[in-house]
Amino acid sequence: MPLRSKAGCCVIVVENLPVPFDRRVWQEAKALRDSGRNVSVICPVNQDFSKEYEEIDGIEIHRHPLPVEARGKLAFLAEYSFALFYEFRLLSKIYRTKGISVIQACNPPDLIFLAALPFRIFGVRFIFDQHDLCPELFIAKFGKKGVFYWLLRGAEWLSYKAADFVITANDTFRDIALERGYKSPDKVSAVYSIPNRKHIYRTDPEPGVARGKRFVLGYLGIIGDQDGLDFLVRAVAHLIRDFGFADFHALVVGDGPALGSARALAEELGVTDYMTFAGFLSGERLMRHLSAFDFGIFPDPVNDTND
């Protein structure tokens with residue numbers, strides 16, 4: 001295999017969401033493109049982004065199947081094993097066709113370094129882009145530490161060790177990279193995600209979303225077990241049953257692995273007539289739904305991740 005890394009492209013690998021649905025990764029890819037880099041992205045498919053390959057705005061996107069959508073511990077292991085196999089295969093394909101100079105691994109999980117390690121032999125640099133604290137996410141999902149927690153701590157440490165540079169989502173994560181990962185301060189930078197103000201604006205609300213009610217309670221975001229959407233569903237039931245207040249409608253904009261259980265809980269509590277699950281939205285339709293919000297709700301539970 002010839003050494004081609006110096007003339008190659010930057011490959012961003014993300015496992016938990018497809019691109020461009022993952023807005024942080026998409027912003028990073030476009031920033032690299034704007035700086036003159038040749039950029040490719042490896043990510044999973046889903047029902048909204050089902051093409052295995054496409055080029056958007058000059059960025060090549062390689063998507064792979066993900067047969068398992070994990071909720072339990074063993075399911076996560078299966079998901080990550082499938083993902084690593086496809087990530088390594090696609091990295092090899094890109095290396096053969098274009099060469100690779102940098103691999104940027106976006107967690108979770110903290111295992112993508114395993115797919116990137118073989119390319120280090122050929123001079124490819126590795127960047128660990130830490131979006132989440134996986135050990136703390138484990139506690140948020142399963143309520144305890146145990147063996148899997150310490151395995152995740154080990155995977156996180158190995159990701160730090162393998163990285164030539166670490167990018168974190170905020171300064172709290174940067175402090176953890178310095179303290180828990182023993183990284184040098186000049187090898188870690190916090191890069192915050194912010195909305196593009198050109199794409200965020202108030203407009204006429206989406207007709208009918210209030211369902212004739214006085215107030216719209218709005219949630220926007222990814223819907224995972226750690227995001228607490230079940231608290232919003234229970235709060236809706238609480239307002240109606242315990243306070244006798246029903247002059248509102250709850251509008252949920254977003255998608256994720258916990259969406260199905262949130263819908264089931266709404267049905268169980270008898271509040272489906274007071275809630276709309278709009279799914280993933282973008283562009284003008286997203287702005288119309290956001291403009292309908294009277295109150296934005298953050299139902300994040302108290303746990304180590306959110307703290």
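The figures here come from the full heavy-atom set of this structure, side chains too, leaving out hydrogens, waters and symmetry mates. On a predicted model such as this, the values are computed, not experimentally measured, just so you know.
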As a quick check of understanding, evaluate ring-ring contact (aromatic ring centres under 6.0 Å, His included) for Tyr95 and Phe119, giving each step before the final call. CA-CA 9 Å; Tyr95 187 89; Phe119 300 92; 5.8 Å; yes

Heavy-atom count around Arg33 CZ within 6.0 Å, excluding the residue itself: above 12? yes

Please lay out, stage by stage, how Phe280 and Phe21 fare under the test ring-ring contact (aromatic ring centres under 6.0 Å, His included). CA-CA 9 Å; Phe280 169 72; Phe21 179 62; 4.3 Å; yes

Restricting to non-hydrogen atoms, name the atom on Glu28 and the atom on Cys106 that form the minimum distance, rounded to 0.1 Å. OE1-SG, 4.1 Å

Classify the ring geometry between Phe148 and Phe138 as parallel (under 30°), tilted (30 to 60°) or perpendicular (over 60°). parallel

Nearest heavy-atom approach of Ser193 to Arg24 is OG-NH1, 2.8 Å

A quick test of your reading: do over 12 heavy atoms of other residues, nucleotides or ligands sit less than 6.0 Å from OH of Tyr182? no

Under a single-linkage rule joining Ile, Leu, Val, Met, Phe, Trp and Tyr whose side-chain heavy atoms are separated by less than 4.5 Å, which residues share a cluster with Ile59? Ile12, Val14, Val19, Val25, Trp26, Leu32, Val39, Val41, Ile56, Ile61

Option from Arg180, Gln130, Lys187 for which side chain to side chain donor-acceptor pair (under 3.5 Å) with Tyr160 holds: Gln130

N-O pairing of Arg120 and Asp164 below 4.0 Å: yes

What one should report as the nearest heavy-atom pair of Leu91 and Ile100 is O-CD1, 3.5 Å

If we only count heavy atoms from C-beta on, is the Pro18 to Asn46 side-chain gap below 4.5 Å? yes

Counting neighbours of CG on Asn196 that are heavy atoms of other residues, nucleotides or ligands and sit closer than 6.0 Å, is the number greater than 12? yes

Do you know which two heavy atoms are closest between Val166 and Ala177, and how far apart they sit? CG1-CB, 4.4 Å

Cys134 side, atom SG; Tyr149 side, atom OH - distance, nearest 0.5 Å: 11.5 Å

For the residue pair Glu156 and Leu152, establish whether any side-chain heavy-atom pair is separated by less than 4.5 Å. no

Where is the tightest heavy-atom contact between Leu178 and Val188, given as atom of each residue plus distance? CD2-CG2, 3.9 Å

Does a side chain donor of either Arg263 or Thr272 reach within less than 3.5 Å of an acceptor in the other side chain? no

Checking Ala31 now: which residues fulfil side-chain contact (heavy atoms from CB on, under 4.5 Å) with it, not counting sequence neighbours? none

A quick test of your reading: do over 12 heavy atoms of other residues, nucleotides or ligands sit less than 6.0 Å from CZ of Arg241? yes

What pairs meet the salt bridge (charged side-chain N to carboxylate O under 4.0 Å, His left out) rule with one or both residues in residues 275-290, with sequence neighbours excluded? Glu206-Arg288

ring-ring contact (aromatic ring centres under 6.0 Å, His included) partners of residues 214-272, not counting sequence neighbours, each pair once: Phe215-Phe295, His238-Phe243, Phe245-Phe248

In the hydrophobic cluster built from side-chain contacts under 4.5 Å, what are the other members alongside Val209? Ile200, Tyr201, Val216, Leu220, Leu251, Val253, Leu281, Leu286, Met287, Leu290, Phe293

Under a single-linkage rule joining Ile, Leu, Val, Met, Phe, Trp and Tyr whose side-chain heavy atoms are separated by less than 4.5 Å, which residues share a cluster with Tyr192? none

